Number of protein chains: 2
Amino acid sequence: MTTSPHPEGTRLDLIEAGILLFGQKGFSATSVRELAALAGANIAAIAYHFGGKEELRLACAEEFGRQMRDATDKAPVSPAPTASKARDELAAIIQAVLAFLLGARGPGGLVPFMLRELAENGPGIEVVYRTFADPMHRRLCTLWGHATGLDPESEAVRLAVFSLIGQMMYFRIGQPIVSRRMGWAGYGPAEIDQISGQITANLDAMLTAEKET
Amino acid sequence: MTTSPHPEGTRLDLIEAGILLFGQKGFSATSVRELAALAGANIAAIAYHFGGKEELRLACAEEFGRQMRDATDKAPVSPAPTASKARDELAAIIQAVLAFLLGARGPGGLVPFMLRELAENGPGIEVVYRTFADPMHRRLCTLWGHATGLDPESEAVRLAVFSLIGQMMYFRIGQPIVSRRMGWAGYGPAEIDQISGQITANLDAMLTAEKET
DNA sequence: GTCTATAAACAGATAGAC
DNA sequence: GTCTATCTGTTTATAGAC
């Protein structure tokens with residue numbers, strides 16, 4: 001029996017260290033020595049378990065996808081809600097996603113890792129797309145369709161949903177810029193509520209405008 | 001007389017190479033050898049002109065700020081337009097910013113460099129804030145105030161403007177995800193027009209909702 | 001100012017003992 | 001599976017000729 005925090009042993013420790021360090025400093029700025037040190041493992045363990053640094057990155061992306069699925073799959077889809085119910089569910093998703101993106105601690109370092117892969121166009125972007133971006137987008141499109149009566153897979157709806165997602169993502173990616181201009185020290189619960197309220201108001205404005213067309 | 005593309009000589013060639021390569025591959029993934037090669041300069045020139053790689057990054061950020069100012073300062077501010085005029089100017093800015101962010105070639109590699117500094121929380125983020133983010137945000141706030149009658153510096157207006165900016169930024173940052181889901185090969189003039197139309201529609205929806213409150 | 005040559009530190013990967 | 005020790009290549013930085 002070892003002192004490793006994971007029963008599965010060193011392998012998972014290394015993956016966890018990878019998600020954390022790759023997310024914090026980026027892939028090329030992270031050395032295998034740092035990874036091994038943080039994981040409490042030997043330098044040679046990376047080559048032994050994965051083959052090399054690049055393959056560790058892939059393993060991190062896969063683990064990211066697994067955890068992402070677990071964190072997302074607990075939301076059942078209502079079959080055919082009314083427009084009003086669909087609007088409420090959209091608002092609830094906005095709140096949940098913002099809590100996940102902006103909250104003090106999303107599970108592990110998943111969000112930074114995801115954003116790094118996006119910024120670096122890394123191999124994990126494929127996983128990000130499959131496990132997070134695409135399912136969420138489709139789910140929102142379905143709800144948007146119920147809320148407006150439009151075809152959920154029409155170009156207009158898909159674009160509208162992206163413009164909604166963009167608002168949420170930017171408040172995370174542009175956090176240093178937003179905080180500075182707003183005079184905030186960072187994102188606390190109060191600030192997240194304010195952002196959530198703003199985006200929900202935008203949602204209602206967009207839905208209302210759609211109905212009046 | 002040398003064959004350098006810049007009359008000011010090697011120094012500017014290195015900065016240009018830095019903006020390009022740092023933007024494309026990131027700071028730590030770019031070696032001084034690549035930089036020197038692209039600039040047509042010697043490896044030792046970086047240490048001679050700047051002191052080191054890190055200082056070259058700072059020089060790139062400053063040059064970025066200079067070019068950004070030049071590219072932005074050509075828009076005169078109307079003194080006190082009507083609500084309708086303010087709305088039209090907001091729409092015009094949206095179109096211009098999207099053309100800059102999403103267009104085939106913004107001037108030099110300025111946009112990728114900016115996004116990298118944002119993603120890496122690099123020292124250039126300060127310059128990005130001063131020369132791009134803050135002036136644009138304040139200008140939009142002023143127009144938003146004219147369009148709605150609200151206090152341009154109120155928290156509500158500042159947040160609303162960020163939610164508008166976020167939509168534009170995300171269509172750039174999330175380009176691989178958006179393109180894939182939309183079934184686009186990339187962003188051409190037609191796609192940019194579509195995005196511009198969507199965000200302009202959102203602008204009108206938000207302004208309308210504000211008026212009816 | 002620009003070059004060659006090289007120093008000194010660091011990277012990722014591996015061989016082989018245990 | 002994990003370790004130490006080391007190999008090989010690359011990194012940034014620098015010394016000194018021109």
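Please read all numbers here as calculations on a predicted model, not as lab measurements.
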request  = Check ring pair (Phe, Tyr, Trp, His ring centres under 6.0 Å) between Phe171(A) and all other residues, then give those that pass, not counting sequence neighbours.
outcome  = none
ask   = Would you call Glu63(B) and Arg11(B) a salt bridge, using N to O less than 4.0 angstrom?
value = no
ask   = Between Thr10(A) and dG1(D), is there a side-chain N or O to OP1/OP2 distance below 4.0 Å?
value = no
message = Can you list everything that forms a ring pair (Phe, Tyr, Trp, His ring centres under 6.0 Å) with His137(A)? Sequence neighbours excluded, please.
response = Phe162(A)
ask   = side chain to side chain contact (heavy atoms under 4.5 Å, CB included) with Thr30(B): which of Leu20(B), Leu56(B), Leu21(B)?
value = Leu21(B)
inquiry  = Measure CZ/Phe50(A) against C1'/dG12(C) and give the value in whole Å, please.
reply    = 15 Å
key: Runs of at least three Watson-Crick or G-U pairs with DNA chain C, cut-off 3.5 Å   = C:1-10 with D:9-18, C:12-18 with D:1-7
key: Flag if over 12 foreign heavy atoms under 6.0 Å of CD, Gln95(B)   = no
Could you list the protein-to-nucleotides 10-15 of chain D atom pairs, N/O on both sides, closer than 3.5 Å?
residue, atom, partner, partner atom, Å
dT11(D), OP2, Arg33(B), NE, 3.1
dT12(D), OP1, Val32(B), N, 3.4
dT12(D), OP1, Lys53(B), NZ, 3.1
dT12(D), OP2, Val32(B), N, 2.9
dT12(D), O4, Arg33(B), NH2, 3.1
dA13(D), OP2, Lys53(B), N, 3.1

query = Is any NZ, NE, NH1 or NH2 atom of the basic residue among Arg130(A) and Asp134(A) found under 4.0 Å from an Asp or Glu carboxylate oxygen of the other?
reply = no
request  = Could you state the atom-to-atom distance from CZ of Arg11(A) to C1' of dT2(D) in whole Å?
outcome  = 16 Å
request  = Find the distance Leu14(B):CG to dT2(C):C1' and express it as a whole number of Å.
outcome  = 12 Å
remark   = The ring pair (Phe, Tyr, Trp, His ring centres under 6.0 Å) partners of Tyr170(B) (sequence neighbours excluded) come to none
Distance, rounded to the nearest Å, where His49(A) contributes NE2 and dC3(D) contributes C1' = 12 Å
task = Would you please name every residue forming a side-chain contact (heavy atoms from CB on, under 4.5 Å) with Pro81(B), sequence neighbours left out?
result = Ser78(B), Lys85(B), Ala86(B), His146(B)
